[in-house]
2 protein chains.
Amino acid sequence: MANTLRAIPLSTVERLSIYLRTLRESLVEGMDFISSTEIGKRNDFTAAQVRKDLSCFGNFGIKGTGYQISELINTLETILGLDREWKVAIFGLGKLGGALACYKGLKSARFNVVAIFDVDPKKVDKTYKNIPVYHSDMLKKVVREKKIQIAIIAVPTDSAKATIQRIIDAGIKGILNFTEARVPYPDEYILKNVNLAGELESISYYLIHSDL
Amino acid sequence: MANTLRAIPLSTVERLSIYLRTLRESLVEGMDFISSTEIGKRNDFTAAQVRKDLSCFGNFGIKGTGYQISELINTLETILGLDREWKVAIFGLGKLGGALACYKGLKSARFNVVAIFDVDPKKVDKTYKNIPVYHSDMLKKVVREKKIQIAIIAVPTDSAKATIQRIIDAGIKGILNFTEARVPYPDEYILKNVNLAGELESISYYLIHSDL
DNA sequence: TTTTAATTGTGAATTCTATCACAATCTATT
DNA sequence: AATAGATTGTGATAGAATTCACAATTAAAA
């Protein structure tokens, strides 16, 4: 039975993203329906896991047949909030910030980069790939005017903590942080960290500790 | 009691990375000892979590005092395999690949980018930031000669699946994948996916489903 | 030396997450 | 209309991860 209000674990939400990708892929392949078994097989999940995740939000399947793909895509997009446009700002126009600003996966997924912030006088008050670049001092004003809802942090390590704090203070509730900085934040905020060094370090760990 | 052989969950290993960062930070601040409580506070973990994680590998603390910071840094570096140099190749010299090649966090953490692969004739057989750029056809030969152990995938989506398959076939056992492609891989391999769109989608989800 | 305060390491308890297993139901076939 | 085959949704079960809670130990203070 559907219960959107019950707290859904992050792991379930992250898998919904993966299911959505699989559904789009199978739609391109010309399929109309897909079973939980097939969704699982393509992502190395059990079929029960797939069904349980989906059942948190409703009964979308047809017994004996599976899930109608285009319909489930729409449903998952609505659940994930991809039925609207999100206004995103990138903080830090270095190599990584620039790469993220160009990333096609963003725009196609309704994440629209409407502002870039930096402190370098050579970069500010220009545009980068048609996106206006502002001095970080303009943060509060621009966030208010452009109704920015999500921040992506790609500033240098040493200014990261202060930058994140200012973003929190400006009321941007969704933050994706590519730096090492860790900042406490209020409950109603969602802050996710992508830690490149950490990813490689756990790869390093498992390379050593496998039975070689 | 220490038991390095027992399978350690990924979540524990990932936290070790975080503890290590915290320890380095506190060393810079001039501290000599740190308690599990303080490590936890700086990362929003419980003190028990910190102690339990560390106790998987040994008894490193001093009761009443905490952990000797520089010593625990060395211990964690050894556990994570950061006491050696890892040879890394980046696949795809686009915006993201270029950004990763320049990323200072890599080299300082003993992850040494010794090769870049691409298929663009304008890029191959040159160097990028002093790193040689090879045509992907040279994959097997270069991997063997340079003893590459870790691959970072930053190629375009449509060639990603094939690229990853060739990397697996070439015997590179540690893979960090920045693309959407998902490829089945043998057990003794470790493949981690960083999914930017997925991260933003779960942020989107929680922004909608908080009590606003 | 004794006491007090701090902190670890860990077994037990709890909470959270994933899997199992099967009744219910749908489609297709005979 | 009846049967066979497929697949869902979910309560029950199992498994994993986290937190609790406290004895043991150390350092510092009295």
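Throughout, a chain's letter reflects where its sequence line sits, starting with A, and its residues are numbered from 1. On a predicted model such as this, the values are computed, not experimentally measured, just so you know.
A donor-acceptor contact shorter than 3.5 Å is absent between the side chain of A/N112 and the backbone of A/V114.
In this structure, B/Y67 reaches the C/dG9 phosphate: one of its side-chain N or O atoms is under 4.0 Å from OP1 or OP2. Taking side-chain N and O atoms only, A/T46 has a distance below 4.0 Å to OP1 or OP2 of C/dT19. The side chain of A/S36 places an N or O atom within less than 4.0 Å of a non-bridging phosphate oxygen (OP1 or OP2) of D/dT8. Residue B/N59 places at least one side-chain N or O under 4.0 Å from the OP1 or OP2 atom of C/dT10.
For C/dT19, its base sits under 3.5 Å from the side chain of A/K52 at one donor and acceptor pair at least.
Between B/L54 and A/T12, the residue anchored closer to the 5' end of DNA chain C is B/L54, taking for each the nucleotide with the nearest heavy atom. If A/G64 and A/L10 are placed on DNA chain C by their nearest nucleotide, the residue sitting closer to the 5' end is A/L10.
For the residue pair B/R42 and B/T22, no side-chain donor N or O sits within less than 3.5 Å of a side-chain acceptor on the partner. The closest side-chain donor-acceptor pair between A/Q68 and A/S70 falls under 3.5 angstrom. Checked by atom type, the side-chain pair B/T157/B/E180 shows no donor-acceptor distance below 3.5 Å.
Atom C1' of nucleotide D/dT10 and atom CZ of A/F57 are separated by 16 Å, given to the nearest angstrom. Regarding A/I8, its CD1 atom lies at a distance of 13 Å from the C1' atom of C/dT17, rounded to whole Å. The separation between B/I34 atom CD1 and C/dT8 atom P is 10 Å, rounded to whole Å. Here D/dT8 presents its C1' atom at 13 Å from CG of A/L72, a figure rounded to the nearest Å. Rounded to a whole Å, the CD1 atom of A/I69 is 15 Å from the C1' atom of D/dT7. The nearest whole Å value for the distance from the CD atom in B/Q49 to the P atom in D/dA16 is 17 Å. Rounded to whole angstrom, the span from the CZ atom of B/R15 across to the P atom of D/dT19 amounts to 8 Å. The separation between A/D53 atom CG and C/dC16 atom C1' is 14 Å, rounded to whole Å.
Relative to the side chain of B/K63, the nucleotides C/dC20, C/dT7, D/dA21 differ in distance, and C/dT7 lies closest. Comparing C/dC26, D/dT26, C/dT17 by their nearest atom to the side chain of A/I62 picks out C/dC26. Listed candidates were D/dT19, C/dT17, C/dT8. Nearest to the side chain of B/A48 is D/dT19. For B/R51, taking side-chain heavy atoms from C-beta onward, the closest of the listed nucleotides D/dA21, D/dT18, D/dG9 is D/dA21.
Using cut-offs of 30° and 60° for the angle between ring planes, the A/F117 and A/F91 rings count as parallel.
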